[in-house]
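Convention: sequence-line order gives letters A, B, ...; per-chain numbering from 1.
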Amino acid sequence: MKDIILVTLAAGNGTRMKSVIPKPLHKIAGQTILEHSFECVKNLLVKKKIIIASDDLITQGGNILNESQIVIQTEKLGTGHAVMQCIDDLYDNCNVVINYGDTPFVKPETIAQMLEKLNNGWDIIVLGSHIADISQKYGRLITNGEDLVEIIEYKDANEEVRASNFCNSGIIVANGKILKQSLAEIKPNNASGEYYLTDIIKIAKDSSHKATFVKCEENEVMGINSRIDLAIAEGHFQQILRKKHLENGVTMLDPASVYFSFDTIIENDVILENNIHFGLGVCVKNGTIIKAFSHLEKCKVGNNCVIGPFARIRPNTILQNSVHIGNFVEIKASELSEGVKANHLTYIGDAKIGEKTNIGAGTITCNYDGFEKHKTQIGSNVFVGSNTCFIAPINVEDSAITAAGSVISKNVPKNAIAIERSEQKNIENAAERFRKKKK
Amino acid sequence: MKDIILVTLAAGNGTRMKSVIPKPLHKIAGQTILEHSFECVKNLLVKKKIIIASDDLITQGGNILNESQIVIQTEKLGTGHAVMQCIDDLYDNCNVVINYGDTPFVKPETIAQMLEKLNNGWDIIVLGSHIADISQKYGRLITNGEDLVEIIEYKDANEEVRASNFCNSGIIVANGKILKQSLAEIKPNNASGEYYLTDIIKIAKDSSHKATFVKCEENEVMGINSRIDLAIAEGHFQQILRKKHLENGVTMLDPASVYFSFDTIIENDVILENNIHFGLGVCVKNGTIIKAFSHLEKCKVGNNCVIGPFARIRPNTILQNSVHIGNFVEIKASELSEGVKANHLTYIGDAKIGEKTNIGAGTITCNYDGFEKHKTQIGSNVFVGSNTCFIAPINVEDSAITAAGSVISKNVPKNAIAIERSEQKNIENAAERFRKKKK
Amino acid sequence: MKDIILVTLAAGNGTRMKSVIPKPLHKIAGQTILEHSFECVKNLLVKKKIIIASDDLITQGGNILNESQIVIQTEKLGTGHAVMQCIDDLYDNCNVVINYGDTPFVKPETIAQMLEKLNNGWDIIVLGSHIADISQKYGRLITNGEDLVEIIEYKDANEEVRASNFCNSGIIVANGKILKQSLAEIKPNNASGEYYLTDIIKIAKDSSHKATFVKCEENEVMGINSRIDLAIAEGHFQQILRKKHLENGVTMLDPASVYFSFDTIIENDVILENNIHFGLGVCVKNGTIIKAFSHLEKCKVGNNCVIGPFARIRPNTILQNSVHIGNFVEIKASELSEGVKANHLTYIGDAKIGEKTNIGAGTITCNYDGFEKHKTQIGSNVFVGSNTCFIAPINVEDSAITAAGSVISKNVPKNAIAIERSEQKNIENAAERFRKKKK
């Protein structure tokens, strides 16, 4: 088995994105386009990933670039020039997969099929697809049986060639040795003065090497050049995610109104009302219902919970089984044990709450003092009266009660009632006097 | 007039639903598929409804099964076998409508048309429809003029028969006597060893009885076998509901973003912004605007109200005319009289509020003591200061005022100001000292 | 250059709208249909706008009618009759544009093209479009080269004429002198006894004047007669707005879930999550993210802000750069300086808040006393403890702190800590006693 090297061309400016963020770092379903583009080799043992990058991508790429070798392309002289930047990193005993940091949806099965062709004696394999809108200015693949005769760029194509709808995706799998040899011979002798990667086909064939092609759906090789493209790609990927979750046995009142992240996990017999937003890292177990207008990120939701409507579950939250989170409630970095209820207008942050505790309406954990975050610890079977403030750090023991409207700044022992309140005074006829004065 | 008997086949497992809930109990627009399937006879005097049910359906069906006679089908030997389970409940002087607990949208007009054919001398009438996707494996209706010659199951059909797009829906209306006779003669002599209900056509015709058909739109006989089917059915039904409400004179900024229940009632000149969820049992009177991101269930909303955005109206709530409910406000089991305003971050539960009372931001009715729910009674022209907690049971009389931030635990007389508050202390430079310590 | 006069026919009852509001006053993207109809002349120096109006339109039209001359059409005797109501306001040395108060989308370019034809020697120009659904009962334009031969009303058309899909939009540009002459000769000698505006073509041509046509897309001349039409028009216009914002470099997770007003301004590199509602008059600067389920009206949002999810920004609000507004937070008529954070369950109204001030969860500005609204002034670097109420008018100076749960009714000096709170009492075993009593 030869080594596999992935070369991802990601140095394009993406000016049509009108963004300070490099195009490969824009996101689809919470994951950068660049990371999506890596998915096509996720089942393979890849020896190294080489990213041909712009300065901006290197500056802003962060962790995403960690496992890759980065090669800067400063001058932008075409796709052939881009791959030539890493020619010294390729070697004879390797197979090379060339893909793009703006082409997120190429499937592992497709790359596997291309690599298989290398085993069957082909030297270069190009991925093509039949396009619906023939006016698009992609290069055309000229084929003869299994043989890839030539790739003709749109601007060099005559009417007859343009009438073909079988187009070049740019994705190439090649024998490393032959790729290196061919790359070295690309010349910028064309109208735009660029080095075309596609020229390797003719070069390789002229040296008696063999080129072929693999076909895929047009959607699979959709590239992203503008925010409209990005929105279309997002919509396409959301459809894939929605279908997956429906097939897994999730009920959705209106699938098109649910936004998933690429890594959302939902078990069967979960019911999703309309308009749910799943940020990254959410896992929901079966029997749970998430009502309309809920927003979840990086959290685990147990079995048979009732969430929302208008619930926001923020990162590092764990909701055990049968937890109820109601409307206008925010939970952040907290663990709520089985059977906890927090149904109305509440903010729980940095808290740990025991089983069957009831959190009254308007409860707030005052977890931040302007400098640090502090923990709130509430036991099981506690009854938290409405509009209670907990000044963290604080500990409320099992089976305690807090009186409505109390600011709880001292720990509360087990079974105690804690109250912070003045006496109510009713001032007779004062309202009438006030109104008279006002008028 | 003969008696009409409805036989609903609802014993299917629905394994493709991947659910612990039997398929007929999944819901569309808030109503079970099974109940939807009853709608096709809603205008008829039905002598009895017989449901051929699975154990699971009987266990989980609850009230839905109350008005029906339930017959268990333990072995699942085909549609013919299913109907045979209730053969003793049929009699000569009846007409039988056979439908399905997973086929929700058959129209009353269609059943009426089928019954009319019985009056015109036909003995068995099968409902068929022309399907768009000919690859679907439904049985094909072979017709000759008005005569239904035969129903050929897809697997038994040759290419020519499969090329026909006129398919069997399974819905049958039949003369009770002839149905009973024919059912008794069905044999499981086919590849799958099942009793096919469709065999009654040939059996009846062999005894010189007459079979015909009625046609309907494909949508009308859509069946539900998976969550994808369920989502499609829900989408289809929502479109019907949206069109109905638009035609009634409701303005919707984005009809596709409004989710209705099957029983939602909305008068004309109501404006619905985007993203509204109507749970069961909502009635909205004219001149009212419901702003975006609102969620309503089992409530009555009067004329010229302003609801939302981000309002949640929960069951057993009555909002009289000109009530304003603003953002992040939840109202539950309460009656708000004309002109009441509760515009910000409020929870009102189990309350009765008089005319023109103003509820300040952050008001909470503390209606639950961990054991029971208690009532809050607030008079008219009351001014409730922000962040007031009412410890129910409590009574605040007309024209009273509560001071902001007060916990009101004792009744407030008419025209009084009630206040529960300590003295504010300003500790000079204490903030500076605190910050120094923290750093 | 001749004067340009716009005549807008807006007297129709719109009975199919089922509304007490006249049809031209229903809204699309926050602007009345009537105002939309004025957009087609927005780049022209229009001498006067004449609106042919119903009584209801005059009563309810308000400011919208301010810059126009209003002519009442009491009897409704057809389009010709409508224009005849203002015949005395037209004069020889003018050009007249006739459009409709229920036809919102005619483009300025189209009107420019029609006016250009006047300069090229034509006397009357009719706007036509090719329709997709040939069953629609519009009049058909009969043409011969550039010449408009005749307009045949649908009911007067034979099969051959009806088979044409080139239809009359009703929009006409005409030489004022010839229009006046022709109008005067229209006779109601047809089945419905109405004065057809379209008759002017034949009348003018009989006097050797010249008529021609301009073509536009069908969408451009869509008219509104029902709430379904209104929803379709709204959807069409939203698509135009979404495309514009995407092209400007705005990222939208789900464009179809974002509702824009006609005047929404959003800079590039703004990210919009799903389900955002932009009311009138919103401007958002670049680098800002607006998370799901947010609702904004008449406000300015600076650079690099984080808004939502579940945020509501109400009119007359200014958020400077890097402001964070979190979930279940409402801001009204307030100015928040750079770096202010108000992340949880808060109501800020009529306030001015200095740089880097942190507003704790559950903060409420008590700005209303039942009679007047009062101001809350909070300095910079203030730390507002959770659940603080500010009784406005009030002034909290720079770098002050308020203790959680305090009602702040007196001004707080710089660097002070303000606290309003009683002592917390823990009553041992009282919770246990309470529970025993309850059981």
Side-chain angles (χ1 to χ4, degrees), chain A residues 242-243 245-257 268-269 271 273-275 286-287 291-293 308-310 326-328 343-345 358 360-362 369-372 381 383 385-387 401 403-406 419-435, chain B residues 17-21 26-27 29 226-228 230-231 234-235 238 256-257 259 275 277 293 295 310 312 328-330 345-347 349 362 364-370 382-383 387 389 391 399-401 405-422 434-435 438-439:
Chain A
R242 287 164 191 151
K243 186 155 176 280
H245 291 297
L246 286 167
E247 284 172 348
N248 286 346
V250 175
T251 288
M252 301 187 209
L253 296 198
D254 179 6
S257 76
N268 72 312
D269 271 340
I271 296 177
E273 285 192 359
N274 53 306
N275 297 105
N286 64 24
K291 298 189 180 181
F293 315 121
F310 306 105
N327 38 220
F328 320 124
N343 277 330
H344 330 264
L345 294 148
N358 188 88
D369 62 9
F371 294 88
E372 297 166 281
N381 295 301
F383 183 84
S386 297
N387 235 14
I401 292 177
S406 296
I419 181 163
E420 180 275 316
R421 195 186 292 169
S422 307
E423 183 116 0
Q424 175 186 337
K425 287 175 225 152
N426 289 340
I427 311 167
E428 302 273 336
N429 293 313
E432 199 171 12
R433 290 194 297 273
F434 172 77
R435 282 192 293 268
Chain B
M17 297 296 286
K18 298 188 179 172
S19 183
V20 298
I21 299 164
H26 284 263
K27 289 179 181 173
S226 69
R227 306 275 180 158
I228 290 177
L230 183 65
E234 178 79 63
Q238 290 294 328
S257 76
Y259 181 84
N275 297 104
H277 179 101
F293 315 121
H295 194 284
F310 306 105
R312 185 185 186 193
F328 320 124
V329 175
E330 169 188 3
L345 293 146
T346 284
Y347 169 58
I364 291 176
T365 54
C366 309
N367 57 329
Y368 183 54
D369 61 10
V382 171
F383 182 85
N387 235 14
C389 288
I391 313 287
S399 305
I401 292 178
S406 298
V407 177
I408 302 301
S409 51
K410 295 183 295 189
N411 291 343
V412 181
K414 188 166 170 176
N415 275 320
I417 291 183
I419 181 163
E420 179 276 316
R421 195 185 292 169
S422 308
F434 173 76
R435 280 192 294 268
K438 278 294 180 178
K439 285 168 193 164

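- With contacts defined as side-chain heavy-atom distances shorter than 4.5 Å, the pair A/Glu428/B/Pro413 qualifies.
- For B/Leu345, the parts lying near chain A are the backbone and the side chain together; criterion is any non-hydrogen pair under 4.5 Å.
- Contact annotation for B/Ile391: only side-chain heavy atoms (C-beta onward) come within less than 4.5 Å of a heavy atom of chain A.
- Here the side chains of A/Pro309 and B/Arg312 are in contact, with some heavy-atom distance below 4.5 Å.
- Looking at heavy atoms from C-beta onward, B/Glu234 lies out of side-chain contact with A/Asp254 at the 4.5 angstrom threshold.
- Contacts between B/Ala29 and chain A at a heavy-atom distance below 4.5 Å are absent for every atom of the residue.
- Interface remark: of the candidates B/Gly349, B/Ser409, B/Ser257, B/Gly405, B/Ser409 forms the most heavy-atom pairs closer than 4.5 Å to chain A.
- For the ring pair (Phe, Tyr, Trp, His ring centres under 6.0 Å) test, residues two or more places apart in sequence or in another chain that qualify with A/Phe310 are A/Phe293, A/Phe328.
- If you measure heavy-atom distances from B/Asn367 to chain A, you find no contacts under 4.5 Å at all.
- The contact between B/Ser19 and chain A is made by backbone and side chain atoms together, counting heavy-atom distances below 4.5 Å.
- Between the side chains of A/Thr251 and B/Arg227, at least one donor N or O lies within less than 3.5 Å of an accepting N or O.
- Side chains of B/His295 and A/Glu273 form a contact here, defined as non-hydrogen atoms less than 4.5 Å apart.
- The shortest distance between side-chain heavy atoms of B/Gln238 and A/Leu253 does not fall below 4.5 Å.
- Of the two parts of A/Asp369, the backbone and the side chain both hold a non-hydrogen atom closer than 4.5 Å to a non-hydrogen atom of chain B.
- For the set B/Val412, B/Asn387, B/Ile21, B/Asn275, the entry with the most heavy-atom pairs within less than 4.5 Å of chain A is B/Asn275.
- Interface residue B/Ser399: backbone and side-chain heavy atoms are both found under 4.5 Å from chain A.
- For A/Lys243, the NZ atom counts as loosely surrounded, since its 6.0 Å shell holds 12 or fewer non-hydrogen atoms of other residues, nucleotides or ligands.
- Nearest approach of B/His26 to A/Asp269, heavy atoms of both residues: CE1-OD1, 4.4 Å.
- Proximity to chain B is limited to the side chain of A/Arg435, based on heavy atoms less than 4.5 angstrom apart.
- Using modelled atom types, no side-chain atom of A/Asn426 and backbone atom of B/Ala416 make a donor-acceptor pair closer than 3.5 Å.
- Annotation: side chain of A/Glu247 is in contact with side chain of B/Ile228 (closest heavy-atom distance under 4.5 Å).
- Contact of the A/Ser422 side chain with the B/Arg421 side chain is not registered, since no non-hydrogen atoms from C-beta on lie closer than 4.5 Å.
- Contact of B/Leu230 with chain A is made through the side chain alone, with heavy-atom distances under 4.5 Å.
- Note that NE2 of A/His344 is 13.0 Å distant from OG1 of B/Thr346, once rounded to the nearest 0.5 Å.
- Within the 4.5 angstrom heavy-atom criterion, only side-chain atoms of B/Cys389, from C-beta onward, approach chain A.
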